[in-house]
Amino acid sequence: MSADTTTPAKVPPPRQAPPPPLAPTPRGKRMSGGAGTPWLLLAPCLLILGLVLGYPLVRLVTLSFQKFGQSQLWGFQPADWVGFDNFTGILDDGEFWAVVVRTVVFAAGCVIFTMVAGMLIALLLQRVSGWVKILINIALVASWGMPIVVATTVFKWLFDADYGILNAVLSKLPGVDLIGHNWFASGPQGLAVIMLLVVWGAVPFVVITLSAGLTQVPQELEEAARLDGAGAWNVFRYVTLPILKPIIVMLTTLSVIWDMGVFPQVFVMRGGHPEPEFQLLTTYSYDRAFVVNDYAQGSAIALLTVLLLLGVVAVYMRQMLKIGEVE
């Protein structure tokens with residue numbers, strides 16, 4: 001008999017049973033720790049903000065409805081409640097409305113020049129070489145980090161009537177004679193100098209933020225727009241600007257809030273005693289409180305300023321909600 005040369009058939013290995021499905025984790029027991037975890041993490045920050053900002057704001061509101069001067073400050077007389085008398089006296093004062101108009105015009109000029117200059121510099125930074133961009137960023141950060149008092153002192157020296165270098169440089173131009181010219185002899189010229197100082201200190205933040213936003217603009221969209229025949233302005237208007245709109249709205253709102261609250265630039269530039277034509281809402285409130293010693297009216301002016309800024313914040317929130325709905 002010949003040997004059996006057929007190979008035995010291989011038996012497939014037995015199939016393993018699939019693992020049992022994991023039980024669904026209840027929504028309240030996820031790894032995030034529940035809905036109360038974010039509030040627990042924010043509690044220390046909210047507590048600090050409540051202590052640092054809450055008490056001064058409550059005290060500000062309280063003083064604005066009281067009669068509070070030096071006699072009340074030293075405890076010789078009680079602080080009587082006068083209702084809305086402080087607000088009525090302020091709103092009936094023509095000087096207050098002149099200060100409001102001056103503050104709005106000053107802040108609007110600062111915001112416009114800051115945003116335009118910041119956008120232009122940010123666009124130029126996209127078209128320079130790497131080492132030039134590094135040098136410009138270093139200069140921007142250095143100017144941004146300079147203390148306000150130091151920057152104000154430097155500008156005060158630059159525009160000095162007797163020793164200011166700006167008058168000497170401009171006088172070199174044909175037909176220009178500014179030797180001994182006092183830039184602070186009139187309110188508009190002096191506020192223009194202070195506006196230049198505010199813009200100089202605010203531009204770096206705008207440039208750095210817009211430069212970061214420009215890196216998120218897809219190059220393909222810009223190239224497609226150019227292929228369709230769009231010029232540089234149309235590419236910026238219809239491609240770049242819509243993408244940067246949330247950043248621009250945020251920067252504009254922050255600039256309005258910061259420029260409406262300008263104080264040290266005016267205070268230091270005018271030697272601690274701003275003239276009436278240099279008064280803004282912040283310095284006007286300070287003078288009423290600590291020069292006239294009417295702390296109640298000073299608090300009322302500050303409270304009206306806060307309400308005005310809250311209106312700006314409300315407009316900002318509305319614009320951001322509109323942008324979110326479109327997206």
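All values below come from the heavy atoms of this structure, side chains included, with hydrogens, waters and symmetry mates left out. Computed from a predicted structure; not experimentally measured.
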Should [X] and [Y] be regarded as members of a common hydrophobic cluster, given that ILVMFWY residues are connected when their side-chain heavy atoms come within less than 4.5 Å of each other, either directly or indirectly?
{"X": "Leu308", "Y": "Val61", "result": "yes"}
{"X": "Ile179", "Y": "Val169", "result": "no"}
{"X": "Phe155", "Y": "Met195", "result": "yes"}
{"X": "Leu303", "Y": "Val58", "result": "no"}
{"X": "Val199", "Y": "Val104", "result": "no"}

Kindly compute the distance separating [atom1] ([X]) from [atom2] ([Y]), expressed to the nearest 0.5 Å.
{"X": "Ile112", "Y": "Thr252", "atom1": "CD1", "atom2": "OG1", "answer": "10.0 Å"}
{"X": "Met317", "Y": "Thr253", "atom1": "CE", "atom2": "OG1", "answer": "10.0 Å"}
{"X": "Gln189", "Y": "Ile194", "atom1": "CD", "atom2": "CD1", "answer": "12.0 Å"}
{"X": "Gln297", "Y": "Ser285", "atom1": "CD", "atom2": "OG", "answer": "10.0 Å"}
{"X": "Leu124", "Y": "Lys133", "atom1": "CG", "atom2": "NZ", "answer": "11.5 Å"}
{"X": "Gln70", "Y": "Tyr295", "atom1": "CD", "atom2": "OH", "answer": "5.0 Å"}

Verdict with supporting geometry, Tyr55 and Arg59, side chain to side chain donor-acceptor pair (under 3.5 Å)
CA-CA 6 Å; Tyr55 174 77; Arg59 186 59 175 161; 4.6 Å; no

Given the side-chain rings of Phe159 and Phe184, with only the six-membered ring counted for Trp, is the space between their centroids under 6.0 Å?
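Centroid distance Phe159-Phe184: not below 6.0 Å, so no.
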
Are Tyr163 and Trp157 near enough that their ring centres are under 6.0 Å apart?
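Centroid separation for Tyr163 and Trp157: 6.0 Å or greater.
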
[X] versus [Y], closest heavy-atom pair with distance:
{"X": "Ile248", "Y": "Met119", "value": "CD1-CE, 3.8 Å"}
{"X": "Gln126", "Y": "Ser211", "value": "NE2-O, 3.9 Å"}
{"X": "Leu241", "Y": "Arg237", "value": "CB-O, 3.6 Å"}
{"X": "Leu91", "Y": "Trp97", "value": "O-NE1, 2.7 Å"}
{"X": "Thr153", "Y": "Val149", "value": "OG1-O, 2.8 Å"}
{"X": "Trp200", "Y": "Ala151", "value": "CZ3-CB, 3.7 Å"}

Relative to each other, are the rings of Phe263 and Phe267 parallel, tilted or perpendicular (30° and 60° limits)?
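If you compare the ring of Phe263 with that of Phe267, the planes turn out parallel.
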
Side chain to side chain contact (heavy atoms under 4.5 Å, CB included) between Val266 and Val262, intermediate numbers included
CA-CA 7 Å; Val266 181; Val262 166; 4.1 Å; yes

Taking the side chain from Ser64 and the backbone from Ala296, do they hold a donor-acceptor pair closer than 3.5 Å?
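Not at all, since once roles are kept as given, no pair shorter than 3.5 Å links the two residues.
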
Sidechain-backbone polar pair: Asp228 side chain, Ala230 backbone, donor-acceptor under 3.5 Å:
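No, Asp228 side chain to Ala230 backbone: no donor-acceptor pair under 3.5 Å.
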
Show your reasoning for whether side chain to side chain contact (heavy atoms under 4.5 Å, CB included) applies to Ile134 and Asn137.
CA-CA 5 Å; Ile134 292 174; Asn137 285 327; 5.7 Å; no

When Leu125 is tested against each of Ile208, Leu214, Ile136 for side chain to side chain contact (heavy atoms under 4.5 Å, CB included), which residue passes?
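Answer after filtering Ile208, Leu214, Ile136: Ile136.
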
Salt bridge or not for Asp294 and Lys67, using N-O below 4.0 Å?
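Looking at Asp294 and Lys67, the cut-off is not met.
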
Is there side-chain contact between [X] and [Y], with at least one heavy-atom pair below 4.5 Å?
{"X": "Phe65", "Y": "Val82", "value": "no"}
{"X": "Leu309", "Y": "Val306", "value": "no"}
{"X": "Arg102", "Y": "Leu280", "value": "yes"}
{"X": "Thr283", "Y": "Arg270", "value": "no"}
{"X": "Pro218", "Y": "Ile243", "value": "yes"}
{"X": "Trp258", "Y": "Leu254", "value": "yes"}
{"X": "Phe96", "Y": "Val100", "value": "yes"}
{"X": "Val203", "Y": "Val206", "value": "no"}

If we count only N and O atoms by modelled type, under 3.5 Å, do the side chains of [X] and [Y] hold a donor and an acceptor together?
{"X": "Thr240", "Y": "Glu222", "answer": "yes"}
{"X": "Asp287", "Y": "Gln279", "answer": "yes"}
{"X": "Asn167", "Y": "Trp183", "answer": "yes"}

Take atom [atom1] in [X]; do more than 12 heavy atoms of anything else shown fall under 6.0 Å from it?
{"X": "Phe113", "atom1": "CZ", "result": "no"}
{"X": "Trp81", "atom1": "CH2", "result": "yes"}
{"X": "Ile165", "atom1": "CD1", "result": "no"}

Please step through salt bridge (charged side-chain N to carboxylate O under 4.0 Å, His left out) for the pair Asp93 and Arg288, ending with a clear verdict.
CA-CA 13 Å; Asp93 188 2; Arg288 282 297 181 95; 3.1 Å; yes

For Gln265 and Ile148, run side chain to side chain contact (heavy atoms under 4.5 Å, CB included): C-alpha distance rounded to whole Å, both residues' side-chain angles, the deciding distance at 0.1 Å, then the answer.
CA-CA 7 Å; Gln265 292 90 335; Ile148 296 178; 3.8 Å; yes

Candidate pair Gln72 and Asp80, rule side chain to side chain contact (heavy atoms under 4.5 Å, CB included), full reasoning:
CA-CA 9 Å; Gln72 288 77 17; Asp80 298 327; 5.6 Å; no

